[in-house]
There are 2 protein chains.
Amino acid sequence: MDTADDSSLGPLTDDVPSTGFLDDGKNTIGSQLASRLREAIISGELEAGSKINLDKARKTFNVSLSPLREGLARLISDGLVEFQDNRGYRVAPISLANLEEVTTLREELEVFALRESMRLGDVEWEGNIMRALHRLNRTERDAARPETLEHWEALHREFHLTLISGCGKPLLLHFCSLLLNLNDRYRRVFLIRTSGDRNVGQEHSEIAQGAVARDVDYACEKLRQHIHRTGTNLRNHLATKGIA
Amino acid sequence: MDTADDSSLGPLTDDVPSTGFLDDGKNTIGSQLASRLREAIISGELEAGSKINLDKARKTFNVSLSPLREGLARLISDGLVEFQDNRGYRVAPISLANLEEVTTLREELEVFALRESMRLGDVEWEGNIMRALHRLNRTERDAARPETLEHWEALHREFHLTLISGCGKPLLLHFCSLLLNLNDRYRRVFLIRTSGDRNVGQEHSEIAQGAVARDVDYACEKLRQHIHRTGTNLRNHLATKGIA
DNA sequence: ACTATCAAAATAATCGATTATTTGTCAAGC
DNA sequence: GCTTGACAAATAATCGATTATTTTGATAGT
């Protein structure tokens with residue numbers, strides 16, 4: 001299956017409530033497409049490894065080639081799309097090796113970023129963590145309703161990024177954000193619910209509390225374990241469900 | 001100065017010897033532009049922080065908007081160009097903070113990648129290192145002739161990438177390559193020659209020999225120091241010459 | 001049968017023109 | 001004198017059509 005169906009990939013619409021101001025940088029068609037495509041890829045709506053036919057995509061999204069290429073170009077930076085001259089674009093494939101690399105690098109980079117955040121972060125950073133944690137833990141994840149999954153994913157991502165947001169290193173944050181994207185794709189494709197032996201909510205709480213208490217070793221180790229467990233979990237699912 | 005002069009940024013020409021085969025992926029105008037722009041930015045030909053006027057660039061390079069945007073989009077992935085919706089592109093600015101982050105992250109990531117390479121690399125990897133080292137050390141760097149600088153830079157970059165090429169982690173290599181790009185820009189803009197108290201050639205030799213001898217602690221420490229010294233060096237030049 | 005070759009179809013890349021947005025300027029009003 | 005608003009110029013984004021490349025499929029030769 002090369003192209004996605006139209007279920008939720010219909011023509012671009014102005015579903016933004018149009019608050020009138022607060023330019024969040026989603027103005028151009030290219031930007032909107034990038035967001036929609038990113039979501040489509042991370043959610044698994046666009047199959048990993050599949051070719052992206054420009055002509056079909058153009059019709060699906062009701063846009064011209066220029067913004068379509070624009071949007072796709074951005075997803076290349078995110079590692080979600082691959083490109084080859086004269087051969088076009090394809091959704092980045094998933095693989096066991098890639099999953100393991102993503103996990104390993106998250107352990108290295110995200111933990112390092114947390115360490116730096118704990119060294120440099122201020123009170124506002126602490127407050128942001130507690131808020132993100134609260135919002136995340138108050139949100140239920142119901143496998144039956146996809147929209148709750150999507151919402152939980154957004155808050156989960158927000159929590160992890162907030163945790164390391166105090167590190168004062170834009171490039172590092174960019175790398176971590178990218179790895180988180182790749183990681184989330186595996187979860188959303190393979191993991192309907194976490195395995196029973198984990199209390200993910202508590203894991204998040206421990207990390208957050210260690211962080212604001214500036215207990216560096218504790219918080220970093222908890223985060224590392226958290227990432228590692230997720231990796232192991234996903235690896236099992238990947239092995240079970242098989243990969244192409 | 002918004003646009004580069006034509007000294008070496010003239011219209012695109014087929015200066016590739018056209019070997020007839022071996023497609024290295026520089027076919028489209030967009031690809032060629034990306035290469036040329038990358039070189040122009042890293043070499044300092046395009047001033048850091050300056051706006052890139054699409055219309056002027058279009059005329060300078062004798063191309064249409066589509067491939068120009070295509071090329072610029074790729075440089076965004078490299079961290080060499082910044083973009084804002086409806087405001088266009090600008091050359092990524094340089095700053096003390098950025099230089100320090102690049103140095104810190106190189107210390108973290110490149111050293112980690114070297115460690116992994118020493119754990120996983122095979123004999124071919126070792127051979128590639130010795131070749132890259134030899135070629136680098138046999139190349140003189142003459143501040144008077146820019147083309148020798150450019151050549152040395154290419155070999156230097158090649159050496160560092162080869163060193164970590166055995167790690168088996170494409171994403172990590174991508175991050176390191178990106179950081180190396182950013183780092184090289186600082187060197188080419190600020191550092192005509194290395195300061196007298198360093199024998200860079202010997203530093204490279206020590207790292208390489210430690211690597212192939214699988215003396216992990218030695219090689220990693222040497223690499224870390226090498227990166228750190230370069231950072232310190234560049235920082236001094238940046239402070240001396242002042243930044244915008 | 002298998003492979004090589006060529007033409008046609010499909011697809012990607014590029015162009016020139018058009019539309020939309022931002023930026024700069026100047027005058028009117030406070 | 002300063003701000004505000006309207007207009008014009010500059011610039012970015014998008015479109016539809018054209019050109020170039022790759023892929024497909026049929027045919028001929030071995």
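No hydrogens, no waters, no symmetry mates; every other heavy atom, side chains included, goes into these values. Just so it is clear: chains get the letters A, B, ... in the order the sequence lines come, proteins before strands, and each one is counted from 1.
Taking the nucleotide of DNA chain D with the nearest heavy atom to each of A:G30 and A:L65, the more 5' of the two is matched to A:G30. Nearest-nucleotide positions on DNA chain D place A:S64 closer to the 5' end than the other of A:N86 and A:S64.
Closest approach to the B:N53 side chain among D:dA12, D:dT14, C:dC15 is made by D:dA12 (side chain taken as heavy atoms from C-beta onward). Considering only side-chain atoms of B:P67, the nucleotide from D:dC15, D:dT23, C:dC15 that sits closest is C:dC15. Checked against D:dT14, D:dT11, C:dC15, the side chain of B:K51 finds its nearest nucleotide in D:dT11.
Using modelled atom types and a 3.5 Å distance limit, the side chains of B:D85 and A:T28 yield a donor-acceptor pair. Between the side chains of B:R106 and B:T230, not a single donor N or O lies within less than 3.5 Å of an accepting N or O. For the 3.5 Å distance criterion, the side chains of B:N181 and B:R157 qualify, holding a donor opposite an acceptor.
Between B:Q84 atom CD and C:dT21 atom C1' the separation is 13 Å, expressed in whole Å. In this structure, CZ of B:R90 is placed 14 Å from C1' of C:dT22, rounded to the nearest angstrom. Taking atom CG of A:D55 as the reference point, atom P of D:dT22 lies 18 Å away to the nearest angstrom. Distance, A:D85 CG to D:dT22 P: 9 Å, rounded to whole Å. Rounded to an integer number of Å, the gap from B:K59 NZ to D:dA12 P is 12 Å. Between the C1' atom of C:dT14 and the CG atom of B:L54 lies a distance of 16 Å, rounded to the nearest Å. The nearest whole Å value for the distance from the OH atom in B:Y89 to the C1' atom in D:dA10 is 17 Å. Taking atom CD1 of A:I52 as the reference point, atom P of C:dA12 lies 10 Å away to the nearest angstrom.
Using a 4.0 Å cut-off, no side-chain N or O of A:R58 falls inside it from OP1 or OP2 of D:dG16.
You'll find the side chain of B:K169 stays beyond 4.5 Å of the side chain of B:I164, heavy atoms only.
Heavy atoms of other residues, nucleotides or ligands lying less than 6.0 angstrom from CD of A:E124 number 12 at most.
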